[in-house]
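As the structure is a computational prediction, the values presented were derived from the model and not from experiment.
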Amino acid sequence: MLEEVVLPAADGSALHGDLALPTSAPTMVVFAHGSGSSRHSPRNRAVAAALQKAGMGTLLMDLLTEREERHDLLTAEYRFDIDLLAGRVVSAVDWLESEPATRSLGIGLFGASTGAAAALRAAAERPLRVRSVVSRGGRPDLAGDALARVAAPVLLVVGGDDPEVLRLNREAAERLGVAHRVEVVPGAGHLFEEPGTLDHVIRAAREWFRQPGGDAFDAPGARPDGGGHR
């Protein structure tokens, strides 16, 4: 069951979110949507529903206020403002820590498109709270220097038919100093609209959040310098 919540951002803005907290959930996954999207993204909601069935809590949130969303639709001014978006994800992490029902839960971040860069920057800002990060068709390269400061294991899921984003993900992965894996979904484009491709994302994300890092060191191209995060 979803509960609509209002989260205070550090800049004084009020952000709307949908919180689901199953009984005895070990993990809370915060979703950071991509450019031009919102907490109503059907793909993110499908992933969230599957994680809820697996016993995890989820928080789907709008990274922009209603006024900002209206302005962004006309100008695209905010959707690539990674500093702003990352600050909003950090605010969500801090809010979860302040709430009695969620303060003891491990936190995972799930980012799509530009939301992946925001999630990675937030993970770098809150290394003691964020335990794992998953990116779906993300732009981790936009996280910049924060990539080297991420302390949580990172799963980068990319469509096999999304070559430019796949290249950017592989380059960003080389800058990570923790357990990580680039998971290529055969036949998937940028939005994972092809039959079965989103199911692949769901399975990979569910396992990553259950056991951050998993077999990352056994995967081709994975770096073994994040041993404390297996």
Side-chain angles (χ1 to χ4, degrees), residues 1-52 55-73 77-136 138 142-143 146 150-152 205 209:
M1 181 175 179
L2 293 178
E3 174 190 357
E4 187 167 347
V5 295
V6 178
L7 297 75
D11 60 8
S13 302
L15 307 173
H16 292 270
D18 293 325
L19 178 72
L21 186 58
T23 303
S24 301
T27 301
M28 173 63 63
V29 179
V30 178
F31 284 75
H33 60 73
S35 56
S37 187
S38 72
R39 75 183 192 275
H40 301 296
S41 160
R43 284 171 289 279
N44 278 358
R45 294 186 86 84
V47 176
L51 296 181
Q52 292 160 21
M56 302 179 201
T58 63
L59 174 61
L60 290 139
M61 59 178 292
D62 291 331
L63 297 182
L64 300 178
T65 66
E66 292 181 2
R67 181 191 63 79
E68 290 168 343
E69 284 182 358
R70 290 193 299 269
H71 185 71
D72 188 68
L73 286 173
E77 177 180 348
Y78 298 118
R79 62 186 64 184
F80 287 99
D81 188 341
I82 306 302
D83 287 338
L84 173 68
L85 301 180
R88 300 284 171 80
V89 179
V90 168
S91 293
V93 172
D94 291 346
W95 180 79
L96 289 169
E97 188 171 19
S98 72
E99 292 292 304
T102 55
R103 65 177 45 150
S104 64
L105 302 183
I107 292 180
L109 302 180
F110 184 99
S113 190
T114 52
L120 287 162
R121 284 203 192 178
E125 292 296 321
R126 294 292 185 270
L128 299 180
R129 291 292 293 135
V130 177
R131 298 185 181 178
S132 54
V133 181
V134 174
S135 162
R136 171 183 63 81
L142 296 178
V150 174
F209 287 129

Q.
Has Thr102 got a side-chain atom pairing as donor or acceptor with Leu96's backbone, closer than 3.5 angstrom?
A. yes
Q: Check whether any side-chain heavy atom of Met28 sits under 4.5 Å from a side-chain heavy atom of Leu21, and report yes or no.
A: yes
**Q.** Minimal non-hydrogen separation, Pro26 against Gly55, with atom names
**A.** CD-O, 3.5 Å
Q.
Looking at His16 and Asp62, would you say the former's side chain and the latter's main chain have a donor-acceptor pair under 3.5 Å?
A. no
Q.
Does any part of the side chain of Phe110, heavy atoms only, come nearer than 4.5 Å to the side chain of Leu51, both counted from C-beta?
A. no
Q) Taking side chain as C-beta onward, heavy atoms only, is Glu97 less than 4.5 Å from Arg126? A) no
Q.
So which atom in Val133 and which in Ala152 form the shortest heavy-atom distance, rounded to 0.1 Å?
A. CG2-CB, 4.4 Å
**Q.** CA sep, side-chain torsions, deciding dist, call: Val150, Val130, side-chain contact (heavy atoms from CB on, under 4.5 Å)
**A.** CA-CA 9 Å; Val150 174; Val130 177; over 6 Å; no
Q: With the side chain counted from C-beta on, respond yes when Val6 and Leu15 share a heavy-atom pair under 4.5 Å apart, and no when they do not.
A: no
Q.
Any side-chain to backbone donor/acceptor pair from Ser132 onto Gly108? Under 3.5 Å, distance only.
A. no
(Q) Tell me which one of Asp18, Leu19, Leu59 satisfies side chain to side chain contact (heavy atoms under 4.5 Å, CB included) with Glu3. (A) Leu19
(Q) Restricting to non-hydrogen atoms, name the atom on Pro8 and the atom on Ser91 that form the minimum distance, rounded to 0.1 Å. (A) O-CB, 3.8 Å
(Q) Is any side-chain heavy atom of Arg129 closer than 4.5 Å to one of Asp94? (A) no
Q: Could you check Leu64 against Leu84 for side-chain contact (heavy atoms from CB on, under 4.5 Å), going step by step and ending with a plain yes or no?
A: CA-CA 9 Å; Leu64 300 178; Leu84 173 68; 4.0 Å; yes
Q. From Leu63 CG over to Glu68 CD, what is the distance, rounded to the nearest 0.5 angstrom?
A. 10.0 Å
Q: Take Leu2 and Glu4 through the test side-chain contact (heavy atoms from CB on, under 4.5 Å) and record every step on the way to the result.
A: CA-CA 6 Å; Leu2 293 178; Glu4 187 167 347; over 6 Å; no
Q | Nearest-0.5 Å distance that lies between atom CZ in Arg121 and atom CG in Leu142 | A | 8.0 Å
Q: Measure across Arg88 and Thr65 and return the closest heavy-atom pair with its distance rounded to 0.1 Å.
A: NH1-N, 4.2 Å
**Q.** Evaluation steps, side-chain contact (heavy atoms from CB on, under 4.5 Å), between Leu7 and Glu99
**A.** CA-CA 11 Å; Leu7 297 75; Glu99 292 292 304; over 6 Å; no
Q | Where Ala117 and Ala143 come nearest, the two heavy atoms and their spacing | A | CB-N, 3.7 Å
Q.
Under a 3.5 Å distance rule, please check whether Arg131 uses its side chain to pair with a backbone N or O of Ile107 as donor and acceptor.
A. no
Q) When rounded to the nearest 0.5 angstrom, what distance separates CZ in Arg43 from OG in Ser113? A) 10.5 Å
Q.
Looking at every heavy atom in both Ala123 and Leu109, which two are closest together, and how far apart are they?
A. N-CD1, 4.0 Å
